[in-house]
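One structure is given here, and the rest of the page talks about it.
As the structure is a prediction and not an experimental result, all values here were calculated from the model.
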Amino acid sequence: HIFTPHEAAPLNDWILRNRSSLVKSTQESWLTTGKLNDPLFDSAVYLQPRELERISQELGITPLIIYQNVGEAVLIPAGCV
């Protein structure tokens with residue numbers, strides 16, 4: 001999922017507010033400390049379809065979805081998360 005630059009701050013805030021209900025990844029720092037510094041750039045959270053739906057309803061933010069096949073490169077525009 002890719003979000004535009006102007007969606008990053010509200011999305012980051014939403015993740016931090018709702019972190020207790022999100023599925024934790026295997027990132028050791030979050031599992032051991034329970035702290036997220038920057039959930040978007042720490043890659044500590046994977047947003048499941050149910051979370052994406054909540055974000056859409058609560059914030060009006062819908063991600064861009066890019067499908068990548070084996071051997072294909074994906075370029076993410078600068079500033080997107």
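For residues 53-68, the salt bridge (charged side-chain N to carboxylate O under 4.0 Å, His left out) pairs, not counting sequence neighbours, are Arg54-Glu58.
Residues Asn12 and Trp14 form no side-chain contact, since every pair of their non-hydrogen atoms from C-beta on lies 4.5 Å or further apart. Between Ile61 and Ser56 the shortest side-chain heavy-atom distance does not fall below 4.5 Å.
Legend: residues meeting side-chain contact (heavy atoms from CB on, under 4.5 Å) with Asp13, ordered by chain and number and at least two apart, are Arg17.
What you find for Leu47 and His1 is that their closest heavy atoms are O-CE1, 3.9 Å. Contact record, Ala78 with Pro5: O-CG, 4.2 Å, taken as the closest heavy-atom pair.
Rounding to the nearest 0.5 Å gives a distance of 9.5 Å between OG1 of Thr62 and CD1 of Ile55.
Members clustered with Ile2: Leu64, Ile66, Val74, Ile76, by chain and number, using a 4.5 Å side-chain heavy-atom cutoff among hydrophobic residues.
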